[in-house]
Protein chains: 2
Amino acid sequence: MNAVTIKDVARIAGVSPATASRVLSGNPATSPEARARVEAAVEELGFLPNAQARSLRSTKTDSIALLISDVRNPYFSDLAHAVEQHARAAGLMTFIGNANEDSAQQDDFLATMLSRRVDGMIVVPQGLGEQAGTATSMMRRIVDSEIPMVFVDRTLHDIAVPNITAQSREALNEAIAALKSNGHRRIAFIGGPKHASTALERHRAFDAALEANGLPTDAALHFAGDFRTASGADGARWFLAHPLAPSAVIIADAPMAIGALKVWRELRAKVGTDFSVVAFDEVDALLMHDPPIATISHNLEAMGRAAVQALLAVIRQEEADPLELVSSFTLRPSVATAPPENAVHTEGTRP
Amino acid sequence: MNAVTIKDVARIAGVSPATASRVLSGNPATSPEARARVEAAVEELGFLPNAQARSLRSTKTDSIALLISDVRNPYFSDLAHAVEQHARAAGLMTFIGNANEDSAQQDDFLATMLSRRVDGMIVVPQGLGEQAGTATSMMRRIVDSEIPMVFVDRTLHDIAVPNITAQSREALNEAIAALKSNGHRRIAFIGGPKHASTALERHRAFDAALEANGLPTDAALHFAGDFRTASGADGARWFLAHPLAPSAVIIADAPMAIGALKVWRELRAKVGTDFSVVAFDEVDALLMHDPPIATISHNLEAMGRAAVQALLAVIRQEEADPLELVSSFTLRPSVATAPPENAVHTEGTRP
DNA sequence: TTAATCTATGAAATCGATTCCATGGAATCG
DNA sequence: CGATTCCATGGAATCGATTTCATAGATTAA
């Protein structure tokens with residue numbers, strides 16, 4: 001192993017470990033000679049401080065934890081990338097953890113990070129399955145432990161933690177307006193799981209946007225997915241078989257959209273022709289699709305940056321104001337004129 | 001903070017810290033009563049051991065580092081996911097780091113992990129920019145420090161470390177055979193950067209497959225990309241403008257393929273009609289494309305599993321045999337009959 | 001010139017666990 | 001029954017850094 005310790009450095013440099021430590025941490029109470037000799041010794045021995053020992057004493061680890069819901073979802077990997085870059089710029093190492101949309105795995109990761117005494121946590125919280133967005137006991141413990149923490153993307157309503165979220169009101173308004181002007185009246189919504197606050201927000205904003213556009217809301221046009229591919233596929237079949245024959249659908253995240261599009265392709269249902277589609281999250285797969293899918297997208301770079309800034313503020317014991325970013329709508333050919341009433345994709349349900 | 005220490009637990013339980021520690025680590029030399037009382041105390045106080053202190057003394061961290069080239073590349077996020085799941089099953093926490101295809105960021109991450117004394121490292125090595133696949137000095141240090149390490153996906157030729165890679169010979173043979181049987185003779189190759197061993201392997205296998213199929217190799221049909229989207233776009237333009245008018249192209253990874261497909265779409269060059277395309281890595285964006293892209297894919301789940309197993313073997317001081325996984329070719333409609341000679345995508349170069 | 005303040009330094013305490021070593025009592029052996 | 005082994009346990013050392021505290025010497029103030 002790397003058996004070189006600060007004592008070795010001190011010995012070679014002819015100073016005490018205390019002085020060596022001061023030089024290494026940039027403490028001004030060091031003479032130029034001492035500095036030079038310690039630096040030479042470090043170089044000579046290839047000394048690399050033991051982070052464990054260092055942070056055991058100093059209670060600082062220069063690292064933060066980032067918990068996301070799913071590494072393989074480009075939405076979150078973009079977020080992770082942004083957080084990592086900004087944390088890096090602030091001299092912090094980021095540990096990325098994966099909850100797999102599962103509150104048990106989340107708690108596991110949080111516990112390890114807590115025991116490793118990270119300087120702070122940025123969390124996309126998984127609520128408990130049943131009660132919408134309710135904190136787990138481990139989450140409570142983190143809060144009690146007073147480790148700086150901020151939520152990003154999602155929140156839990158029963159825990160007061162600074163949070164950075166995105167709202168989709170305006171973007172959904174635009175999307176619905178675009179659909180309406182293309183003659184769509186009955187618009188379905190494939191939403192996310194109850195435990196995610198984003199699912200609720202998107203669903204509410206959807207209903208609000210319908211009303212704002214003078215269209216009726218209808219609970220029967222709402223499908224409860226879980227933000228994962230398979231449930232998108234289910235939603236796609238539900239949509240095709242729907243008795244009300246909606247002519248358009250909005251899908252609340254990219255994995256579900258991809259699942260849905262795959263099903264529709266298999267069943268030879270024609271997106272853009274038979275019905276129109278708008279999906280959340282601007283990912284390659286949706287842009288490569290033919291026709292390209294109109295999307296409601298978030299600025300994940302901004303979200304990551306804001307999350308890091310908020311966390312740094314909490315660490316510095318300052319107030320971190322909650323921030324709500326706006327989303328933007330991009331019209332693409334998956335939105336087209338609604339087919340004449342009562343002639344909607346009837347032959348498309350089975351190939 | 002979590003000010004509860006093992007001494008508090010010991011005091012409440014009425015035992016010494018030594019005994020408390022034994023109970024916590026499952027040491028058999030403990031009486032049932034002691035065990036019960038310590039466990040009760042732990043429960044009561046909500047004690048969570050300080051990982052720093054623990055591993056400072058025990059020189060074990062129950063964690064490994066995984067360094068990948070690019071979090072946002074689905075190829076690597078799939079690999080990361082697989083590694084994480086298998087490490088988790090073995091009781092190891094995984095720290096995921098992102099090199100951004102950059103050896104400086106790689107070294108940074110490796111240094112932090114070294115100073116944190118992880119139990120092992122799984123690395124997709126970035127070589128030095130110029131000299132093909134040469135180790136950096138930090139990489140050398142890791143090797144010298146004798147921290148268990150394995151390479152995955154890529155290797156460095158001047159460092160002897162167990163490695164798990166994938167070879168693409170058979171899959172490329174099949175791909176070329178499929179192209180040939182569709183009448184393609186001049187097949188271009190958009191490859192990766194010199195510093196990645198996978199780039200070299202794929203390029204060589206490509207040439208070998210041409211020969212095996214009785215087709216001539218030609219350096220002029222090779223474009224040197226860098227595995228990133230932008231260079232794929234460049235490659236796409238290079239392909240369209242190529243004086244030899246190749247009728248098919250194989251692209252060495254998904255980000256480059258996506259970059260290329262976007263360009264072709266913009267320029268209204270018709271994939272599958274004007275020319276045929278095969279790409280490495282089976283990612284959603286390539287499957288959603290119209291027409292779906294034929295791919296050469298690796299089993300990343302198997303690769304991740306093998307990497308974890310190899311690392312565990314090294315940690316146990318056993319021999320870890322290098323493993324080469326095979327790739328598989330999936331024919332899709334992006335491969336079609338070659339257009340008649342000399343009529344190739346001439347109007348496609350500019351819209 | 002003496003007192004007061006600074007500066008750079010080292011010895012030793014400390015962070016919170018694990019582990020080595022010694023020990024007293026119970027169990028086993030001859 | 002005395003000697004030996006085994007068990008559970010506690011005291012103290014330890015891991016490798018940082019930080020407190022005391023101090024010798026230099027500098028400034030009065």
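Since we're looking at a predicted model, the values are computed, not measured. Chain A is the first sequence line, chain B the second, and so forth, proteins listed ahead of strands; every chain is numbered from 1.
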Taking only side-chain nitrogens and oxygens of [X], does any of them come within less than 4.0 Å of OP1 or OP2 of [N]?
X       : N      : result
B/Ser16 : D/dG11 : no
B/Ser21 : C/dA17 : no
B/Ser31 : D/dT9  : yes
B/Thr5  : C/dG16 : no
A/Arg57 : C/dT14 : no

### Query
Is there a donor-acceptor pair under 3.5 Å between the side chain of A/Asn100 and the backbone N or O of A/Asp102?
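Pair absent, no side-chain N/O of A/Asn100 close to backbone of A/Asp102.
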How many Å lie between [atom1] on [X] and [atom2] on [N], as a whole number?
X        : N      : atom1 : atom2 : result
A/Arg116 : C/dA17 : CZ    : P     : 14 Å
A/Asn27  : D/dT19 : CG    : P     : 9 Å
B/Ile6   : C/dC15 : CD1   : C1'   : 14 Å
A/Arg54  : D/dG16 : CZ    : C1'   : 11 Å
A/Glu33  : C/dA8  : CD    : P     : 9 Å
A/Arg11  : C/dT9  : CZ    : P     : 19 Å
A/Gln52  : C/dT18 : CD    : P     : 13 Å
A/Lys7   : C/dA11 : NZ    : P     : 11 Å

### Query
Which heavy atom in A/Met303 sits nearest to a heavy atom in A/Leu325, and how many Å separate them?
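That would be CA-CD1, 3.5 Å.
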### Message
So which atom in A/Ala87 and which in A/Ile64 form the shortest heavy-atom distance, rounded to 0.1 Å?
### Response
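Where A/Ala87 meets A/Ile64 most closely, the heavy atoms are CB-CD1, 3.9 Å.
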### Query
To the nearest 10 degrees, what angle separates the axes at the start and end of the helix from C/dT1-D/dA30 to C/dG30-D/dC1, five pairs each?
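It works out to 40° between the end axes.
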### Within 6.0 Å of CD in A/Glu318, more than 12 heavy atoms from elsewhere
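Enclosed: over 12 neighbouring heavy atoms sit under 6.0 Å from CD of A/Glu318.
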### Message
With heavy-atom distances below 4.5 Å as the criterion, would you say the side chains of B/Val9 and B/Val23 are in contact?
### Response
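Counting from C-beta outward, B/Val9 and B/Val23 never come under 4.5 Å.
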### Query
Can you check whether B/Ile159 reaches B/Arg140 side chain to side chain, under 4.5 Å on heavy atoms?
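Side chain of B/Ile159 against side chain of B/Arg140, heavy atoms only: contact under 4.5 Å found.
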### Query
Knowing that exactly one of B/Gln85, B/His86, B/His81 qualifies, which makes a side chain to side chain donor-acceptor pair (under 3.5 Å) with B/Glu301?
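Single side chain to side chain donor-acceptor pair (under 3.5 Å) partner of B/Glu301 among B/Gln85, B/His86, B/His81: B/His86.
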### Query
What about B/Arg22: does its side chain form a donor-acceptor pair under 3.5 Å with the base of D/dG10?
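Result: at least one qualifying N/O pair found.
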### Message
On DNA chain D, compare the nucleotides closest to B/Ala34 and A/Ala53; which residue's is nearer the 5' end?
### Response
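First, find each residue's nearest nucleotide; the 5'-ward one identifies B/Ala34.
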